[in-house]
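Keep in mind the model is a prediction, meaning the values are calculated, not measured. FYI, side chains are in, hydrogens and waters are out, and symmetry mates aren't considered; it's all heavy atoms of this structure.
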Amino acid sequence: SILRLSNLYGQNQQKGIVAYILKSYFSDRKLHFNNDGSLVRHFLNISDCAEIIIKMISKSIEPNTYNIKGNETFTIKSLVELFEQKFDVLFDKHFEKSEPWENIDILDNTRLNLLMNYNLKHNLFEYFEKELYKN
């Protein structure tokens, strides 16, 4: 089977937009993107992802391609704006004028939902809050 994962965030996750926002927050507060900010991303906590994969392994699943995604979806621009509003910060943002070359508006996880029930326990903005105020 092939497991296709949405954007992961969580403890020790050092790549991706979530890590980039946090690194920028704690340093120069500059964000530069190679698109106009309309890029859509689906977010999934690594702990939730691991639980789903463990459930899949414990079942006899039919070989197939499964999309594993979180229930939080944002454009890059809206994610940055929400972060700024919630945490009262202003980034020095630069978005290129070009549209993203690959944009998946809807990531279909129907096949996984038919296979099993699962509860996502984590929330992206609760994660941000925890990371910002842990010191």
Side-chain angles (χ1 to χ4, degrees):
S1 286
I2 298 171
L3 306 181
R4 297 179 63 216
L5 308 176
S6 62
N7 286 44
L8 298 175
Y9 70 91
Q11 186 176 358
N12 299 322
Q13 187 68 22
Q14 306 211 356
K15 301 287 183 188
I17 181 70
V18 172
Y20 182 48
I21 289 172
L22 288 170
K23 285 177 193 171
S24 179
Y25 177 86
F26 288 116
S27 62
D28 60 9
R29 298 200 178 174
K30 293 181 182 180
L31 294 171
H32 182 89
F33 299 98
N34 64 358
N35 64 75
D36 63 3
S38 65
L39 183 65
V40 174
R41 288 293 179 244
H42 308 274
F43 295 93
L44 177 64
N45 184 277
I46 56 173
S47 296
D48 287 332
C49 182
E51 284 188 31
I52 292 168
I53 292 172
I54 289 168
K55 277 186 172 185
M56 292 180 81
I57 290 170
S58 67
K59 290 179 164 263
S60 293
I61 62 171
E62 174 186 330
N64 217 321
T65 299
Y66 297 93
N67 292 324
I68 302 175
K69 72 170 193 158
N71 56 5
E72 298 170 287
T73 302
F74 301 98
T75 64
I76 299 302
K77 191 174 271 189
S78 67
L79 177 63
V80 171
E81 289 171 355
L82 286 169
F83 185 97
E84 289 177 322
Q85 291 169 10
K86 180 152 180 70
F87 301 111
D88 195 27
V89 64
L90 186 60
F91 288 105
D92 179 9
K93 303 174 289 293
H94 177 75
F95 294 94
E96 296 288 329
K97 292 182 180 174
S98 59
E99 292 182 6
W101 62 274
E102 176 193 18
N103 207 359
I104 302 171
D105 292 329
I106 299 171
L107 186 61
D108 185 9
N109 63 342
T110 304
R111 192 173 290 140
L112 178 63
N113 290 337
L114 292 172
L115 179 68
M116 67 178 167
N117 293 323
Y118 56 91
N119 271 339
L120 300 177
K121 298 175 184 160
H122 296 87
N123 173 282
L124 179 57
F125 278 88
E126 287 174 6
Y127 171 76
F128 276 138
E129 190 168 331
K130 180 179 162 190
E131 290 299 302
L132 295 182
Y133 304 122
K134 70 180 177 182
N135 296 332

For residues 83-92, which side-chain N or O atoms pair as donor and acceptor with protein atoms under 3.5 Å away, sequence neighbours left out?
from	atom 1	to	atom 2	distance (Å)
Glu84	OE1	Lys93	NZ	3.3
Glu84	OE2	Phe91	N	2.8
Glu84	OE2	Lys93	NZ	2.9

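- For the pair Ser24 (side chain) and Ile21 (backbone), a donor-acceptor distance under 3.5 Å is absent.
- Residues in residues 47-57 take part in these salt bridge (charged side-chain N to carboxylate O under 4.0 Å, His left out) pairs, two or more places apart or across chains: Glu51-Lys121.
- A donor-acceptor pair under 3.5 Å is formed between the side chain of Lys23 and the backbone N or O of Gln14.
- In the hydrophobic clustering, Leu112 connects to Leu3, Leu5, Leu8, Leu44, Ile46, Ile52, Ile53, Met56, Ile57, Ile61, Tyr66, Ile68, Leu115, Met116, Tyr118, Leu120, either directly or through intervening members, whenever side-chain heavy atoms lie under 4.5 Å apart.
- Looking at Glu81 and Phe74, their side chains never come closer than 4.5 Å, going by heavy atoms from C-beta outward.
- Taken to the nearest 0.5 Å, the CZ atom of Phe128 stands 12.0 Å off from the OH atom of Tyr133.
- Interatomic distance, Glu131 CD to Gln11 CD, rounded to the nearest 0.5 Å: 8.0 Å.
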Please evaluate residues Phe95 and Leu31 with respect to the criterion side chain to side chain contact (heavy atoms under 4.5 Å, CB included), reporting the C-alpha separation (whole Å), side-chain torsions for both, the decisive distance (0.1 Å), and the verdict. CA-CA 8 Å; Phe95 294 94; Leu31 294 171; over 6 Å; no
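- In this structure, the separation between CD on Gln13 and CG on Asn7 is 9.0 Å, given to the nearest 0.5 Å.
- Heavy-atom neighbours of Glu96 CD from other residues, nucleotides or ligands within 6.0 Å: above the threshold of 12.
- Residues that satisfy the ring pair (Phe, Tyr, Trp, His ring centres under 6.0 Å) test with Tyr9, not counting sequence neighbours, are Tyr127.
- Nearest heavy atoms, Lys69 versus Ser6: CA-OG, 3.3 Å.
- Residues meeting the side chain to side chain contact (heavy atoms under 4.5 Å, CB included) test with Asn119, sequence neighbours left out: none.
- Counting only N and O atoms by type, the side chains of Asn64 and Arg111 include a donor and acceptor under 3.5 Å apart.
- Closest approach of Gly37 and Asn35 over heavy atoms only: N-OD1, 2.7 Å.
- Scanning both residues, Pro100 and Asp36, for their nearest heavy atoms gives CD-OD1, 3.5 Å.
- Expressed to the nearest 0.5 Å, how far NZ of Lys15 lies from OH of Tyr20 amounts to 13.0 Å.
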Audit row: Thr75, Leu39, side chain to side chain contact (heavy atoms under 4.5 Å, CB included) steps and yes/no: CA-CA 5 Å; Thr75 64; Leu39 183 65; over 6 Å; no
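- Arg41 forms no cation-pi arrangement with Phe43, by the criterion of a distance under 6.0 Å to the ring centre and an angle within 45° of the ring axis.
- For Thr110, the side chain to side chain contact (heavy atoms under 4.5 Å, CB included) partners at least two apart in sequence or on another chain are Asp108, Leu114.
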